[in-house]
Amino acid sequence: MAYENNNKYAAELYAKQEAEGYFTADPKSTKEHFCMMLPPPNITGSLHVGHAASFMRQDVIARYQRMKGKDVLWLPGTDHAAMPVQMLVEKKLAAEGINFRTLGREGFLKHVWEWIELYGGEIRAQLRRMGFSLDWSREAFTMSPHCNSAVIHAFKKMYEDGLIYRATRMVNWDPAMQTSVSDLEVINSEEAGTFWHIAYPVEDSVEKIVVATTRPETMLGDTAVAVNPDDERYKHLIGKFVILPLVGRRIPIVADAYADMTKGTGAVKITPAHDFNDYEVGKRHNLDEIQVINKLGKICGGFVPALEGLDRFAARAEILKMLTAEGSLVKEAPCTHTVPRAERGNTILEPMITPQWFCDVSKLAAESVAKARSGELKFVPEVWVNTWYSWLENIQPWCISRQIWWGHRVPVYYDAAGKVAYVGDNPPAGLIQDEDSLDTWFSSGLWPLETLGWPDENAVDFKTYFPNQFLGTAHDIIFFWVARMVMMSIYFTGKLPFDTVMLNGMIVDEAGQKMSKTKGNVISPMNLVDEFGIDAVRFAICAACNQNRVNPFGVSNVENARKFLTKLLNGISFWEMKGVASSVGGRYTSCSPACCWILDRMDKMIADADKAMLLSELRFDEYAQNIYHFVWDDFCSTFIEAAKKDMSQTTVEVARFVIGNILKVLQPVAPFIAAELWQKLGFGNDVDLIREGFAEIADLNSIEEEVAEKFALDLEIAAAKAKAEGDKAAAAKELAEIAARIESLNKQLADKLFVSRAKPEVIEARKRSLAEMVERQAALLKV
RNA sequence: GGGUGUUUAGCUCAGCUGGCUAGAGCGCUUCCUUCACACGGAAGAGGUCGGGGGUUCGAGUCCCUCAACACCCACCA
C-alpha cells in the first residue's frame with residue numbers, strides 16, 4: 001500500500017470544514033483566544049514556494065493551537081500591491097496599444113479592478129488547496145472600502161498630529177514609473193562604470209581644477225566645486241570661481257569636509273539638484289539647486305540647447321563627445337560603483353527634488369526599540385532583534401507618497417488657491433484632491449488593526465483579537481512591514497500589534513541557490529501538490545523549515561515525505577489486520593515490555609512535539625522529524641517487530657492508543673491523511689479530528705519505565721548476540737570496543753579530580769553506562 | 001566602512017544552558033522479493049566538528065584570534 005495523491009479527498013474535506021465553520025473563530029468562545037494575521041499576498045499574484053513555506057508554518061501553529069484548546073483566528077487577506085499591479089496593468093494596456101495616461105485616473109482604475117476580477121481569485125484558491133485553515137469568513141483586502149476608510153482615518157490623525165507633512169525634498173525618483181520610491185525600495189547594485197576626469201577652468205587664471213565623476217550628465221546642474229579645507233593642493237583656490245564647461249556658468253570653489261582628499265582628484269563637482277550628498281553640501285553653502293534632468297529622465301533647463309530633451313544616458317554620451325572636442329575631458333578610467341536601481345522594474349533611479357508626503361516616525365521607532373529591549377516584543381529566532389535595533393535607531397523620514405494611480409489616494413483637498421482646505425473623508429464640494437497615492441506599506445502597516453474592524457475600537461473582533469498573539473512572516477520584510485505595523489499600532493492604540501514575531505528564512509533550491517526565473521530553478525508548490533499529493537508536500541515543507549536564513553528545498557524532500565506517509569500507511573495496515581479498527585484502545589497498566597516501551601517512546605514524542613511548538617521555539621523541522629522517527633523507528637521497526645513475536649489483544653489496544661495519538665500529532669502537518677485514517681479506524685468523523693484535543697502522554701509509572709528501559713537494553717543485547725553468532729570477526733571487534741570503553745570509564749571513575757568536580761548526575765550516568773557495558777560484555781562472551 | 005549569520009559524514013542539516021561511544025535524511029558498498037511496507041528490510045564504510053590559541057576534571061558546545069562564504073545596512077565624486 002503506497003501513499004497516493006489524496007488531493008481530491010483533501011479538497012472535499014477542506015470544503016466541508018470551511019462551509020461548516022471549522023476554521024471560523026468565535027469571539028464569544030470562553031476558550032483562550034489566539035489570533036494571527038496571514039501576511040497578505042499580492043492580490044494578483046500566485047503562490048510561490050516561499051509563501052507556501054511561510055504560511056505552512058502558520059497553519060501548523062493554527063492547527064496545533066486549536067487542538068490545544070484555543071479559539072484560533074488566522075485571518076486571511078490580500079494586498080493591493082500598488083506598484084506591481086500598476087506596472088502589470090500599464091503593460092497590459094500598452095500591449096493593446098493604449099497609453100494608460102490617456103485613460104485618465106478613473107478610466108485606468110477601472111482596468112485595474114477588471115484585472116483583479118480576472119486574476120484575484122488564483123491566490124485564494126491556492127491557499128485553499130494548500131489546506132490552510134484560514135477563517136475565510138473574515139477575509140480582508142487592503143483596498144476594500146473598510147480598509148480605505150481606516151487608511152484615511154490614520155492619515156488624518158497623523159496629519160493633524162504633525163507626523164505626516166508635505167515637504168519638497170530630494171527623493172529617489174523612478175523615471176520609468178514616474179514616481180518617488182522609498183529608501184527601502186532602492187536596490188544598490190555594484191556595477192562596472194567609468195570615472196571621467198573633467199577639467200574646469202579657474203576664472204581669471206590659467207589653472208584648471210579637475211573633477212572626477214561617474215555621471216557627467218549632471219554637470220549641467222553643477223553649482224560649485226568642493227575641495228577639502230585641509231587639502232594643500234587646492235587651498236589657494238578656495239573662494240575663487242570656475243567656469244563650468246559647455247554651460248559657461250560661473251560657480252564657486254567651496255571648502256567642505258565632504259570632499260575626500262583620497263578619492264578621485266580630491267575636488268568634487270557639486271550638483272545639489274541631482275545627488276544626495278551634493279544636496280547636503282548645497283544646503284551648507286547656500287548653493288542654487290538647478291534641475292537639469294526632468295521626471296522623465298530627460299535633460300531639461302535649456303542650458304545646452306543641443307542636449308535639451310535627450311534621455312539622461314544619451315546626453316551622457318553627447319556631453320562626453322563635446323568635452324572631448326573642447327579638450328576638457330582629461331582622463332577616463334574604468335571603475336566599479338554602486339548604482340541605485342528600483343526594486344520594481346530595475347530602472348536606474350534619479351535623485352530628484354520634488355514635493356512629497358513624509359511620515360516622521362522617529363519617535364515611534366524609539367518606542368518600538370524600547371518594546372523590544374524590554375522583552376515585550378519577542379523575535380523568533382532571537383537574532384533578529386539586532387537588525388530591529390540597527391534599523392529603527394537610524395530611521396529616516398518615510399516618503400509615503402507615490403505618483404501612481406493604483407493605491408489609496410492621499411485624502412488631502414486643496415482650495416482654488418492651492419492651499420490645504422480639508423483632510424479626511426467626505427470632503428466638501430468644490431475642492432481638489434491631492435493627486436498622489438500612498439505607499440502600499442502604509443495600508444499594510446494597519447493590517448492587524450483594520451482587519452479586525454478598527455478604527456471602530458468597539459468592534460467585537462477588535463476587542464477580542466487585538467493585540468494578536470503572533471505574527472509569522474519572511475525576514476525580508478521586517479522593515480517594510482513588521483516595523484511599520486509595530487509603529488502604527490503603538491501610535492494608534494498604545495499597544496504592540498502582537499508580542500511574538502517569527503521571521504522565517506528563505507526557501508532556496510537544493511544547491512542553496514536563491515530561486516529565480518532567470519536561473520530556472522524555481523519550483524512551484526502547486527505542481528508538487530499535483531504530483532505528490534498535498535500531505536506529502538505539506539510534510540516535506542514542514543520538515544525543511546529550520547531556523548536558518550535559508551532553507552534548502554527540492555523534489556527529493558517531497559519524495560522523502562511521500563515515503564514516510566507510505567511507511568505510516570503500511571504500519572497502520574499491519575495493525576488493521578490484527579483488528580485494531582474494532583479494538584477499544586487504551587493505556588494499559590499491565591502490558592508487555594514492548595507496550596511499556598512504545599508508550600514510553602510515545603510520551604517522549606509527544607513531549608518533544610509540544611516543545612517544538614512553543615512560541616519561543618517554533619522548530620517545525622524538529623516537529624516533523626520527531627513524528628518521522630517515532631513512526632518509522634519506534635512504532636514500525638521496533639514495536640511491530642516485537643509485537644509479531646508476542647501478540648495479544650492488549651497489544652492491539654495499546655497500538656490503537658498509540659495510533660490515535662500519532663494521528664493527532666500528525667494533524668497539524670498532514671491533516672488530510674490524518675483525518676482519513678481517523679475516520680477509517682473508527683476514532684470519529686474525519687472532519688472532527690481538527691477539533692480533537694492534542695495528544696496527551698500516557699505518563700508511565702516508575703515500574704513501567706523500568707520495564708521499558710530493560711526492554712530497550714535487551715533489544716540491543718539481542719541484536720549484538722545475533723550478530724556475534726553470525727560473524728565471529730564482528731563479535732571480536734565489538735568485544736574489543738566494549739573492553740576499551742569499560743577501561744576508559746573505569747579510568748575516569750578512578751580520577752580523583754573528575755569525581756570531586758563533576759556533577760553527581762554525571763558520575764551516576766557514567767556508572768550506569770559502565771554497568772550496561774559489563775552486562776553486554778557478559779552476554780557476548782556467552783555466545 | 002558597520003553589522004549579522006554560517007563553517008560538523010560525499011550532499012543538506014540536527015546537536016538547547018559544556019558531560020555517557022558526535023547524530024539524522026539523502027547518497028554510497030554488500031546482502032535479502034522474510035506473509036505491513038522494495039516509497040521496503042539487514043549489515044557496513046565514511047567525521048582530527050574551518051585553522052590556531054585559551055578556560056575547564058571534561059569543549060562541537062564557552063572565551064580570544066585568524067580565515068572562507070552568505071546576507072543586511074551605509075557609502076554612492
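Letters A, B, ... mirror the listed sequences (proteins, then strands); counts begin at 1.
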Against the side chain of A/Ala758, the closest entry in B/U12, B/C75, B/G19 is B/G19
P atoms of B/U34 and B/G23, separation to the nearest Å: 32 Å
Which part of the nucleic acid does A/Lys752 contact within heavy-atom distance under 4.0 Å: base, sugar-phosphate only, or nothing? nothing
Considering every strand and a 4.0 Å limit on heavy-atom distances, what is the contact class for A/Val762: base, sugar-phosphate, or nothing? base
Are A/Lys644 and A/Glu641 close enough for a salt bridge, meaning some N to O gap below 4.0 Å? yes
The residue, A/Cys636 or A/Gln547, whose nearest nucleotide of RNA chain B is more 5′ is A/Gln547
Is a donor from one side chain sitting under 3.5 angstrom from an acceptor on the other, for A/Ser328 and A/Lys208? no
Return the value, rounded to whole Å, for the distance between atom CZ of A/Phe620 and atom P of B/A14. 15 Å
note: A/Glu576, atom CD; B/A36, atom P; distance rounded to Å ~ 13 Å
Any side-chain donor-acceptor pair under 3.5 Å between A/Asp535 and A/Asn6? yes
Assign each of A/Asn551 and A/Gly571 the nucleotide of RNA chain B bearing its closest heavy atom; nearer the 5' end lies the nucleotide of A/Asn551
Rounding to the closest angstrom, what is the interatomic distance between B/G27 and B/U12 at atom C1'? 11 Å
Looking at A/Glu734 and A/Arg776, is any side-chain nitrogen of the basic one under 4.0 Å from a carboxylate oxygen of the acidic one? yes
Check the surroundings of atom CD in A/Glu743: do more than 12 heavy atoms from other residues, nucleotides or ligands lie under 6.0 Å from it? no
Contact class for A/His475 vs. all strands (heavy atom < 4.0 Å): base, sugar-phosphate, or nothing? nothing
Would you call A/Arg562-A/Glu4 a salt bridge at under 4.0 Å N-O? no
In 5'-to-3' order, the base (B), backbone-only (S) or no-contact (-) status of each nucleotide in nucleotides 1-9 of chain B, using a 4.0 angstrom heavy-atom cut-off, is ---BS----
side-chain contact (heavy atoms from CB on, under 4.5 Å) for A/Phe564 and A/Ile627? Distances and angles first, verdict last. CA-CA 10 Å; A/Phe564 166 70; A/Ile627 304 174; 4.0 Å; yes
B/G53 to B/G41 separation - C1' atoms, rounded to the nearest Å: 49 Å
Can you check the A/Glu510 CD to B/G25 C1' distance for me, whole Å? 12 Å
Picking from B/C39, B/G19, B/C73, the nucleotide nearest the side-chain atoms of A/Phe754 would be B/G19
Who pairs with B/C26 - Watson-Crick or G-U, where each distance is under 3.5 Å: B/G10
Under 4.0 Å between any heavy atoms, over every strand shown, what does A/Ser556 touch: base, sugar-phosphate, or nothing? Just pick one. nothing
Would you please say whether a donor-acceptor pair under 3.5 Å links the side chains of A/Lys269 and A/Thr271? yes
Atom-to-atom span, CZ of A/Arg341 to P of B/C75 - whole angstrom: 18 Å
Side chains of A/Asn546 and A/Asp621: do they bring a donor and an acceptor to under 3.5 Å? no
Residue that, paired with A/Phe639, satisfies ring pair (Phe, Tyr, Trp, His ring centres under 6.0 Å) out of A/Phe630, A/Trp632, A/Trp575, A/Phe574: A/Trp575
Rounding to a whole Å, what distance do you find between A/Asp633:CG and B/A24:P? 9 Å
Does A/Asn504 offer a backbone N or O that forms a donor-acceptor pair with the side chain of A/Arg57 under 3.5 Å? no
Provide the full list of side chain to side chain donor-acceptor pair (under 3.5 Å) pairs with a residue in residues 380-395 of chain A, sequence neighbours left out, each pair given once. A/Arg373-A/Glu393
Side chain of A/Ala2, heavy atoms from C-beta onward: which of B/C13, B/G19, B/C39 has the nearest atom to it? B/C39
If you check every side-chain atom of A/Asn546, which of B/C13, B/G19, B/A36 has the closest atom? B/C13
Stepwise, does the side-chain contact (heavy atoms from CB on, under 4.5 Å) test hold for A/Val762 with A/Phe754? CA-CA 10 Å; A/Val762 172; A/Phe754 171 73; 4.1 Å; yes
Contact letters for nucleotides 40-45 of chain B, in which S counts primed atoms plus P, OP1 and OP2 and B counts the base, heavy atoms under 4.0 Å: SS-SSS
On the six-membered ring of A/Trp196, is A/Arg215 placed so that its NZ or CZ lies under 6.0 angstrom from the centre and within 45° of the ring axis? no
Watson-Crick/G-U partner (both atom distances under 3.5 Å) of B/G40: B/C32
Any residue of residues 641-648 of chain A with a heavy atom less than 4.0 Å from an atom of RNA chain B: A/Glu641, A/Lys644
Partner of A/His197 under side chain to side chain contact (heavy atoms under 4.5 Å, CB included), picked from A/Val211, A/Leu329, A/Val330, is A/Val330
Within the distance-only criterion (no hydrogens, no angle test), does the side chain of A/His274 pair as donor or acceptor with the backbone N or O of A/Ile293 below 3.5 angstrom? yes
Contacts under 3.5 Å, N or O only, protein and nucleotides 15-17 of chain B:
residue: B/G15; atom: OP1; partner: A/Arg619; partner atom: NH1; Å: 2.7
residue: B/G15; atom: OP1; partner: A/Arg619; partner atom: NH2; Å: 3.4

For B/U6 versus B/G50, give the span between their C1' atoms, rounded off to a whole number of Å. 11 Å
Hits for side chain to side chain contact (heavy atoms under 4.5 Å, CB included) against A/Val339, two or more places apart or cross-chain, chain-then-number order -> A/Ser189, A/Glu191, A/His337, A/Arg341, A/Ile348
Interatomic distance where CD1 belongs to A/Ile187 and P belongs to B/A74 [whole Å]: 11 Å
For B/G50, what is the paired nucleotide under Watson-Crick or G-U wobble rules, both distances under 3.5 Å? B/C66
Taking any heavy-atom pair under 4.0 Å as a contact, classify A/Ala259: base, sugar-phosphate, or nothing. base
Rounded distance in Å - NZ (A/Lys578) to P (B/C37): 11 Å
Measuring only the P atom in each nucleotide, how far is B/A42 from B/A9? A whole number of Å is fine. 25 Å
Rounding to an integer number of angstrom, what distance separates B/G58 and B/C71 when you compare their C1' atoms? 36 Å
Could you check which nucleotide pairs with B/U55 in any of the strands shown, counting Watson-Crick or G-U wobble with both distances under 3.5 Å? none
Scan A/Asp476 against the nucleic acid and name what it touches under 4.0 Å (heavy atoms): base, sugar-phosphate only, or nothing. nothing
Could you give the distance separating B/A68 and B/G51 at their P atoms, to the nearest angstrom? 15 Å
When rounded to the nearest Å, what value does the distance between C1' atoms of B/C13 and B/A74 take? 33 Å
Starting from C1' on B/G58, measure out to CG on A/Leu745 and report it in whole angstrom. 14 Å
